[in-house]
Chemist: 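This structure is in structure tokens; I'll ask about it shortly.
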Amino acid sequence: MKRMMIVGLVMAVICGCRSWHVETPSMALQPTLYVAPDGNDQRDGSRKQPLATLQGARNYLRKHRAELQGAIVVEFAGGIYRFKEPVVFGKDDGGTADQQVVYRAAEGAEVRFSGAVPVKNWQPVTDKDMLARLPEVSRSKVMVADLRKQGITDYGKLTPRGFGKSSQLAEAELLYDRVPMSLSRWPKTGWMKISAVDEKKEYVKVSTDGRLSRWVGEKDPWLFAYWHVDWAEAYEPLAGVDVAGERLKRDVKCTPYSDKITPKNVRWYALNLFSELELPCEYYLDRADGKIYFIPPCVDGDAELTMASGLIKASDCSYMRFEGITFEGVRGRALHLSNVTNCGIVGCTIRTAAFNAISMSGMRNEVYGCDIFDTGAGGINVSGGDRKKLISGHCNVENNHVHHYSRRARTYKTGITISGCGNRMAHNLVHHGPHMALSAPGNNHIVEFNEIHNAVHESGDAGAYYVGRDWTQRGNILRYNYWHHIKGSSSYGGMTIYLDDQHCGHTIFGNVFERCNQSVFIGGGDDNKVLNNVFIDSYKSAHLDNRGMGWQKAFTDNTNSSIHKQLHSMPYSSKLWAKAYPELVNVLDDDPGVPKRNVFARNVSCGGQWDAISKKIVHLQTVTNNIVFNDDKAWVTLTKDEQGRPVELSFKDPDAVKKIGFEPIPVQKMGLYKDPRRASWPFVREIEEVKLPHEKDN
């Protein structure tokens, strides 16, 4: 009876959710205005007299809007449109339900909105002093371009960034054939360690076999390091080197996380070093002399330097969409839309942004079918709805491919985040991120049919899906997602779904976990439901601890702690919230910090440890009707097609699975799907194998 009540409750929540859909494409609509790279903004915008820029099209509509009837479609011919600054849209630039405004690429055309400028006239290095500072093996390979002679004088500057720091506008970055190149660094791959640090945290002892002597005289050297924990990185200037003592001098104004440097945990490398310019794709920009040095990976490529802070900035708009356009080459985020309604970004490619690709807030907005990669700080961030009033935002993030993201800010910058209340992310593919892949802070979100792999590849004690430290963020559903090849690189390794520090009220239903380190990791929260999932060949399946009763008890009991502040920032005892989350009303009188009412039911786990639930509090949970074969990873078979997409889930004993009430999981619907609105199709999976802790060495 208890199991059937659980099933009924969960399915009522799931079935009661909004029926999501995506907007239809605009190709059936005839263009209102035409724009072409060889156009002129003084023309009338007809096919024969096209405008030249996005700004020109916006200005034309401002003047002639009253003369136009029906949907307004601005169509861009193929080519590059260069931006010096973002084009700004306000309330009057949007549309209405009867007159939407669409900016789109012409069918079959490659339309590039770029914030970068070309860099030309590359020459071999002939300056003897500069050649002498280069490694001998690269002196004949390094090319130099004089930026000032080309009118390029705004280079920006490197600024401290990383965990706990707000990102400043990025420095100019070099792109080659639209791919971001790397500041020269040492070591070229991997990390170095330290053996000691002084009391002021100013000098760290290293071992470089005399390498530091090459760095004397560097104009602007920097460090990238994890000084204390594996989820708090820092970019900071290198203040100097002590060659004789083999020490690095830190800038003490750059305080490490928790003001700690723990030698045994430290990983670091140095960057922006002219004297280490050695491999293809490395570059160094001398801001004082206005020259850039570069070892190109091939000949005859196109070099560009990022200039614009962004490309699109909109606020208070409605019914405005961008379709099929490539956005690239900016020092900030590519598209920033705030307080917008019924707006969409559809079938676009966003790449080489120094921040994230898309930031959007408002109601009933959508990001659909986009390809996003090579970003500096995450991919898509969409917020909507009103948490206090539990009003859903109805924003939708669907069928997007986000990969190789967060190359500049490494932690807590997700591939996709939805926040607020009542939003959805579905059918997305997210992979190759150093830290988090997904997050859905807030209430009543749906995260479904996504595929996530090779996330958390540079971090430890971190989650591919992560939320934490809030008793009020409830009603979120994670269902029918495919999580695989997620390990983590250090310390506790990578979790897959990580509900950290007493997070509550999640439903995890019908997911498939394959070759994951710790699949569902609940850090002491209440009222979470782990139902009908399949765990295949993973290290640990289900974890629940009681940290709020132990090492985190002081935090739990402190009424000034963040978890109490988050509680009191929401009307959790109001009639509306009491009806939605009845367990939350009396949370302060219900033994805070003692995890309870979590449910683990009808799961199938094979090949790895199933139960990592604390024995001290297991009696306060419901753990029932689970099938476990720790030593038989072949008890479940996940069949995939030639592209690696799941197509069928089968069991050695189907009757046993049926007996516990296990419901079929639609694995064939997980991940991206073919659609004419997608930015590209087909795609190639780039799955990297991982070795998990439970696997024996050969």
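Nothing fancy with the numbering, it's 1 onward along the sequence. Keep in mind the model is a prediction, meaning the values are calculated, not measured.
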Chemist: How are the rings of Phe509 and Tyr480 set to each other: parallel, tilted or perpendicular (split at 30° and 60°)?
Modeler: perpendicular
Chemist: Hey, can you tell me if Phe224 and Tyr235 have their rings parallel, tilted or perpendicular (30° and 60° cut-offs)?
Modeler: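 The arrangement is tilted - the two ring planes meet at 30° to 60°.
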Chemist: The criterion is side chain to side chain donor-acceptor pair (under 3.5 Å); which residues satisfy it with Thr262, sequence neighbours excluded?
Modeler: His228
Chemist: Heavy-atom distance under 4.5 Å between the side chains of Leu499 and Tyr465, does that happen here?
Modeler: yes
Chemist: Counting C-beta onward and ignoring hydrogens, is there a side-chain heavy-atom pair between Ile350 and Cys370 closer than 4.5 Å?
Modeler: yes
Chemist: side-chain hydrogen bond (donor to acceptor under 3.5 Å, both in side chains) with Asn450: which of Asn400, Asn511, Asn481?
Modeler: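 When Asn400, Asn511, Asn481 are each tested with Asn450, the side-chain hydrogen bond (donor to acceptor under 3.5 Å, both in side chains) holds only for Asn481.
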Chemist: Checking Tyr176 now: which residues fulfil ring pair (Phe, Tyr, Trp, His ring centres under 6.0 Å) with it, not counting sequence neighbours?
Modeler: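 In terms of ring pair (Phe, Tyr, Trp, His ring centres under 6.0 Å), with neighbours along the sequence ignored, Tyr176 is linked to Phe294.
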Chemist: I'd like to know if the side chain of His484 pairs up with that of Glu451 as donor and acceptor (distance under 3.5 Å, no hydrogens or angles considered).
Modeler: yes
Chemist: To the nearest 0.5 angstrom, please state how far the OH atom of Tyr269 sits from the CZ atom of Arg185.
Modeler: 5.0 Å
Chemist: For the residue pair Phe322 and Phe327, categorise the inter-ring angle as parallel (less than 30°), tilted (30 to 60°) or perpendicular (more than 60°).
Modeler: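 Perpendicular: the ring planes of Phe322 and Phe327 meet at over 60°.
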Chemist: Are His432 and His404 an aromatic pair, judged by ring center distance below 6.0 Å?
Modeler: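 When the ring centroids of His404 and His432 are compared, they turn out to be within the sub-6.0 Å range.
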Chemist: Could you check whether any side-chain N or O of Asn528 sits under 3.5 Å from a backbone N or O of Asp526, counting only pairs where one atom can act as donor and the other as acceptor?
Modeler: yes
